[in-house]
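Okay, so here's the structure we're looking at.
Whatever order the structure lists ligands and atoms in, that order sets their numbers, starting from 1.
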Amino acid sequence: MLTNNLGYPRVGAQRELKKACEQYWAGKVSQHELFQVKSQLLKQNWLTQQAAGIDLIPSNDFSFYDQVLDMSLTVGNIPARYSPVLTQNKGNSELDLYFAMARGYQKDGLDVKAMEMTKWFDTNYHYIVPEFLPNQTFSLFSTKVFADFEESKQVLGHASKPVLLGPVSYLLLGKEKEAGFHRIELLQNLLPVYIQLLNQLRERGAVWVQFDEPFLAMDLTENEKKAYEYAYREIKRQCAGIKTLVATYFEGLHDNAALAATLPVCALHLDLVRAPQQLDQVLPLLSKKKSLSLGVVDGRNIWKNDYNQSLELLQQAIDQLGEERVMIAPSCSLLHVPFDLDLETKLSPEIKNWLAFAKQKLQEVGDLQRILHGDEALLLQNQQAAALRKQSALIHKPAVKARTAAITEQDAQRHSSFASRQQKQYEEFQLPLFPTTTIGSFPQTADIRQLRARLKKGELTQAQYEQEIERATEEVIRWQESLHLDVLVHGEFERNDMVEYFGELLEGFAFTQNGWVQSYGSRCVKPPVIYGDVSRPEAMTVRWSTYAQSLTSKLVKGMLTGPVTILQWSFVRDDQPRSETTLQIALAIRDEVVSLEESGIRIIQIDEPAIREGLPLRRAHWQAYLDWAIKAFRVSASGVKDETQIHTHMCYSEFNDIIASIADMDADVITMETSRSQMELLEAFADFAYPNEIGPGVYDIHSPRVPSVEEMVSLLEKAATLLPARNLWVNPDCGLKTRKWPETEESLKNMVQAARIVREKI
Ligand code: GLN
Ligand code: ZN
């Protein structure tokens, strides 16, 4: 029985890689120094895995930016616009080309934008999207795979298991840059490079090679299924003597089970955390001699493994296949969990005893093997920790559970229909047509961020801190008044982050000091941990919203983060369904909404930018998710009277498929991202005859560019041809937190001007 690991976090315990890369980009360290940091990190990672008793230790799972981009360089898939980076400046290296593709390049008279980036399945990791052209050919370019393999041999004293993104998933992750072909047709051209890679790896002493093929667990077309058969048949035919392991994760195989179980490879890896029931399905289908790698330790969340549950699955496989055909593994690469729990010195010991980060998860894999070989004590310890968690008073609040159990249909329902709410709100607010507003945050300057740092260090008292935040808020209120915006916001200066801020004020959340997870490139996030029943001990935003409202006779919009987004951007407890946790958060937000209303706030925005990204990977699971996600939003929004206007905001809004659910949220106003697609998205809303009010973003806040009055007028005119003018709002795409003041001022001035012009024209 082998122990197997699919991948390890690469930023380092202290985010060393992040720091080294950023210094390299700033020209402060040499490439040689950057590679030294890499070698140091790799060495630590490999030795940690060896010490934990892992048999199949991955190499080539390290990346300076992204493993998909690594694969593009390996197979020589480099869009032509990046070639000048090497030809025009002879001093540039392969690494400079690589970073140019990742981050764009503006030097030596060149100006190339970065390649597109998108989310890696349903994680918060982002990869660089490969680009494909008709009849494109490939050839071995970067030899990083070999270099890392050789380096691992030095450190480990034996062969590691190189990890390659499998050829079918590599193609499917990309995008056609021209019409008239499907990228899967390039498989024939691509495979020879893989075969060359494999044969060279074998010559260098590799025994096992891992192919990541997460698409095997997704919805596939017939053609894509055939591509799988073809690819692995060819690999087997042309690369005798190498042991191939195909790794699937993030979903169950479902209808692809027979395909995966009979692929001509030596081992198949299953994610038994996401889909434990697939073991029953796969075992009888598995072709003779094939090994099964059982992903029983959760690579996506931070809880201690429940050994009893894992042992049951392992034993079932052992009974059918025999020990020698079974591997024990984490469910997916450990890239998605923080590095090392031992570094957390401030977590309560009780909570810490429930958790496992990457390093501890390796230990768990080893423990499971030791228990199967008779070490009873380890099992006992684990059961004790699980029992303590089950009964902990920190987690279980009967009053919270009773309250979610008592939620009624009515709690998820505004008092009156939208049409009658709209009439009442119209009479209350007397807003002009095309009312102008913003999405919530204004530039978080270094000054503002420093205030929080100084408060933490004790250099400012709470009172001094609040005084400074009040000053910033007052300034931004005055400034919005002078601009003649119709609905003002308080600016969110008191917030570090839209989820962390609420997590810190809610019960049931814990925070780590060092729980960083890579999001993209050198960017890491530190998600809060939802460990227990969630409740709101006291009002969270009333103080800031009422302060802002007290300064002005204009309407100030209250600003909250919605339940699905809070859930989606946290590590979530695994001892109850996600839907239950979301409803608890929804009730807490509902209480805040009611408190805001009671304090005189008449417009309240509940941000839900993460609703779309929470969609399950398989279409068959969408509806069940949407049912509870939309219900949670409605519960949070429905505690108020008809005259109180509820807004919601979403970014990255590819809603075409789920527009009915968006309408079902029944927000009085939805603001969203549309400017980059020239209002294309609105067509879907028009086709659906979306009844409520909409603020389609009229300019892109992700860039410092200042939009002209004319272009925003024309976007609004286009919007008015699609939807009734009385339903339209005027606002930017998203919050302005990451922008600088000068461009914000100019852009919003132009936006208000554009609204005026359109009002007169229509
Ligand atoms: N209200 C938030 C802000 O303006 C919304 C951010 C978001 O959608 N991601 O910053
Ligand atoms: Zn947004």
Strictly below 4.0 Å, N to O, side chains only: are Lys18 and Glu22 in salt-bridge contact? yes

For the student: nearest non-hydrogen atoms of Lys737 and Asp497, plus distance: NZ-CA, 4.5 Å

With the criterion set at N/O pairs under 3.5 Å, what does the list of contacts between the protein and ligand 1 look like, atom names and distances included?
from	atom 1	to	atom 2	distance (Å)
ligand 1	1 (N)	Ile439	O	3.1
ligand 1	1 (N)	Glu492	OE2	2.8
ligand 1	1 (N)	Asp607	OD2	2.6
ligand 1	4 (O)	Ile439	O	3.4
ligand 1	4 (O)	Ser441	N	2.9
ligand 1	4 (O)	Ser441	OG	3.1
ligand 1	8 (O)	His649	NE2	3.1
ligand 1	10 (O)	Ser441	OG	2.7

Asp411 with Arg634: basic N within carboxylate O range, under 4.0 Å: no

Look at the side chain of Asn731 and the backbone N and O of Thr438, then say whether any donor-acceptor pair between them is shorter than 3.5 Å. no

Under the salt bridge (charged side-chain N to carboxylate O under 4.0 Å, His left out) rule, what do Glu592 and Arg536 come out as? Steps first, then yes or no, please. CA-CA 8 Å; Glu592 185 71 12; Arg536 183 194 77 139; 2.6 Å; yes

Without hydrogens or angle criteria, can the side chains of Thr561 and Asp607 be said to hold a donor-acceptor pair below 3.5 Å? no

Should the pair Tyr65 and Trp25 be assigned to parallel (<30°), tilted (30 to 60°) or perpendicular (>60°) ring geometry? tilted

Do you know which N/O/S atom name in His649 is closest to the Zn ion (ligand 2)? NE2

The Zn ion (ligand 2) as vertex, arms to SG of Cys734 and SG of Cys651: angle to 10°? 120°

